[in-house]
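Below is one structure, written out as structure tokens, with a few remarks after it.
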Amino acid sequence: MREVVEPRAREAPSALVIVGQPVAQSLSPTLQNAALRHAGRAVVYTRCDVASTALGPAVDDLRRARTGGNVTMPHKEAMFTLAAHTTAAAERTRAVNTFWWDGDTLVGHNTDVDGVMATVAALCSGGVPGDVVVLGAGGAAAAVLVALALSPLTRDARVLVASRTRSRAERLVALAGGRTAALAHMTDVPWARAGLVVNATPAGMRDSDDVPVPVESLPAHTAVFDLVYRREGTTWVRDAKARGLPAEDGLRMLVEQGAAAFACWFGEPPSRDVMWHALGVPRPDAHAPRP
Ligand code: NAP
């Protein structure tokens with residue numbers, strides 16, 4: 001029987017990794033190692049490239065070494081099923097992006113929810129003037145839906161999930177519970193009513209010119225949130241800003257989910273300024289509320 005626990009490690013991890021495939025492009029080691037050094041902690045954060053078929057043995061190795069860390073695509077849902085103890089955020093999303101050990105027991109948590117809430121708060125401080133459209137239906141989209149339900153800025157908005165695999169979208173809509181989430185294929189989305197569009201697909205990650213939906217399809221009041229991140233910004237966010245739309249890529253989410261994970265592992269928040277400095281990107285301000 002899985003036990004639901006508080007998001008706080010009893011014992012700080014002695015080493016940290018990001019588990020995923022691919023992980024070479026992840027900026028988590030950059031920002032976490034800077035924060036660890038700044039906090040005077042003799043812990044190193046490394047990358048752990050693991051194929052789906054090798055996840056079980058890889059987790060056994062991490063257990064033996066008491067190594068905690070983060071999980072990225074495509075393993076978030078599999079780590080949820082492997083965790084014997086989970087937090088409320090992991091239960092709600094059925095996905096794990098942060099883990100540690102309680103003795104031999106794997107504890108799974110989800111700080112992507114914190115990252116999404118922080119970005120939505122910065123992007124939509126005056127509320128969302130219309131529907132929220134979520135593109136994609138994987139582990140990150142689950143965190144988006146949970147964060148949208150928790151945030152006072154979005155919890156009353158209508159949410160549309162658009163995914164190329166309908167069954168994954170249906171599963172997400174079920175997770176969103178009694179909220180007004182509805183299903184829509186990308187081609188069915190009523191863009192004219194969109195107040196916030198969230199890209200939770202990898203579009204733009206490998207091919208930097210790829211965009212999830214052309215910004216010309218979006219009305220002038222729509223806010224744009226791209227979970228994909230690049231130090232130089234994503235094409236989709238650059239296009240949106242060029243049209244005058246409030247837009248953010250996934251860097252703020254990256255820093256905020258990382259800061260929340262650090263606080264779970266070590267019981268104290270890291271320096272966010274140090275994390276942003278390590279990324280080589282100025283720490284962004286919140287966007288001015290729209291009239
Ligand atoms: P995932 O579990 O693999 O889910 C990806 C979703 O995108 C699925 O619904 C998938 O559809 C869809 N998809 C994949 N390729 C697509 C394409 N070319 N066109 C349209 N839909 C496509 O991945 P995830 O963990 O949710 O991550 C999604 C993205 O969010 C990744 O780029 C990841 O880097 C980013 N992310 C960023 C942060 C951050 O801190 N900024 C945190 C978490 C995730 P199918 O089911 O049909 O394959």
Side-chain angles (χ1 to χ4, degrees), residues 18-32 52 55 70-81 89-90 93-98 109-120 122-123 133-147 160-173 175 183-187 189 197-214 224-231 233-237 247-262 272 275-276 279 281 284:
I18 179 154
V19 183
Q21 190 169 65
V23 284
Q25 81 299 339
S26 173
L27 295 177
S28 287
T30 306
L31 63 90
Q32 293 291 4
S52 295
L55 185 61
N70 292 120
V71 185
T72 187
M73 60 188 280
H75 301 317
K76 290 181 183 181
E77 286 138 325
M79 278 297 266
F80 173 76
T81 63
T93 52
R94 320 293 288 179
V96 161
N97 86 319
T98 299
H109 179 41
N110 194 312
T111 66
D112 283 339
V113 175
D114 303 82
V116 174
M117 285 185 76
T119 308
V120 169
L123 203 47
V133 179
V134 180
L135 307 175
V144 171
L145 281 200
V146 170
L160 303 170
V161 182
S163 165
R164 62 180 187 186
T165 305
R166 192 182 177 89
S167 58
R168 289 189 89 180
E170 281 167 350
R171 180 181 155 275
L172 274 202
V173 169
L175 269 185
L183 279 177
H185 289 291
M186 211 76 96
T187 47
V189 174
V197 183
V198 184
N199 175 36
T201 80
M205 201 169 110
R206 288 197 184 90
D207 175 359
S208 63
D209 290 336
D210 199 9
V211 295
V213 57
V224 160
F225 174 16
D226 193 352
L227 266 64
V228 176
Y229 58 77
R230 287 174 178 274
R231 278 197 173 100
T234 64
T235 299
W236 195 45
V237 166
E248 283 227 9
D249 69 13
L251 278 178
R252 190 193 300 268
M253 177 177 171
L254 177 77
V255 169
E256 290 299 328
Q257 62 78 31
F262 188 107
R272 286 168 169 79
M275 287 178 152
W276 280 106
L279 293 176
V281 177

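Whatever order the structure lists ligands and atoms in, that order sets their numbers, starting from 1.
- On a distance-only criterion, Arg168 and ligand 1 share at least one N/O pair closer than 3.5 Å.
- For ligand 1, one of its N or O atoms has an N or O atom of Arg164 under 3.5 Å away.
- At least one heavy atom of Ala200 sits less than 4.0 Å from an atom of ligand 1.
- For the 3.5 Å distance criterion, the side chains of Thr93 and Asn110 qualify, holding a donor opposite an acceptor.
- With sequence neighbours left out, Phe262 forms a ring pair (Phe, Tyr, Trp, His ring centres under 6.0 Å) with Phe266.
- Summary of contacts: the protein heavy atom closest to atom 21 (N) of ligand 1 is Thr201 CG2, 3.6 Å.
- Residue Asp112 touches ligand 1 through its side chain alone, judged by heavy-atom distances below 4.0 Å.
- Using a cut-off of 4.0 Å between Lys/Arg side-chain N and Asp/Glu carboxylate O, Arg166 and Glu170 are scored as salt-bridged.
- Between the side chains of Arg164 and His185, no donor-acceptor pair is found at a separation under 3.5 Å.
- Nearest non-hydrogen protein atom to atom 4 (O) of ligand 1 is Gly138 CA, 3.3 Å.
- With values rounded to the nearest 0.5 angstrom, Asn199 atom CG is found 6.0 Å from Leu135 atom CG.
- Both the backbone and the side chain of Pro202 come within 4.0 Å of ligand 1, counting heavy atoms alone.
- Expressed to the nearest 0.5 Å, how far CE of Met205 lies from CE of Met73 amounts to 4.5 Å.
- Contacts between Val228 and ligand 1, counted as non-hydrogen atom pairs separated by less than 4.0 Å, involve the side chain only.
- Of all the atoms in ligand 1, the ones that sit under 4.0 Å from a non-hydrogen atom of Gly139 are 2 (O), 26 (O).
- Looking at Met253 against ligand 1, both its backbone and its side chain come within 4.0 Å, counting heavy atoms.
- Short contacts between ligand 1 and Thr165, defined as distances under 4.0 Å to a heavy atom of the residue, involve ligand atoms 45 (P), 46 (O), 47 (O).
- When His75, Lys76, Met73 are ranked by how near their heavy atoms come to atom 43 (C) of ligand 1, first place goes to Lys76.
- Atom 9 (O) of ligand 1 has its closest protein heavy atom at Ala137 N, 2.7 Å.
- Side-chain contact between Arg252 and Tyr229 is absent, with no heavy-atom pair separated by less than 4.5 Å.
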Begin with the C-alpha distance, continue with both residues' side-chain angles, and end with the deciding distance and a verdict on side chain to side chain donor-acceptor pair (under 3.5 Å) for Asn70 and Thr98.
CA-CA 4 Å; Asn70 292 120; Thr98 299; 3.1 Å; yes

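- The closest approach between any non-hydrogen atom of Pro74 and ligand 1 is not below 4.0 Å.
- For ligand 1, the polar-atom distance check finds no N/O of Met205 at less than 3.5 Å from any of the ligand's N/O atoms.
- Interface atoms of ligand 1 facing Tyr229, defined by a heavy-atom separation under 4.0 Å, are 41 (N).
- Scanning all protein heavy atoms for the shortest distance to atom 37 (C) of ligand 1 gives Leu227 O, 3.2 Å.
- Rounded to the nearest 0.5 Å, atoms CG (Leu251) and CH2 (Trp276) are 5.0 Å apart.
- With hydrogens and angles left out, the side-chain atoms of Asp249 and Thr234 include no donor and acceptor closer than 3.5 Å.
- By the 4.5 Å heavy-atom criterion applied to side chains, Met275 and Gln32 are counted as neighbours.
- Comparing Asn199, Val134, Thr72, Leu254 by heavy-atom distance to atom 40 (O) of ligand 1, the nearest is Leu254.
- For ligand 1, the polar-atom distance check against Gly136 finds no nitrogen or oxygen pair separated by under 3.5 Å.
- Considering only heavy atoms from C-beta on, Leu27 comes within 4.5 Å of Arg231 through its side chain.
- Proximity annotation for atom 27 (O) of ligand 1: of Gly20, Ala140, Gly258, Ala140 comes nearest, heavy atoms only.
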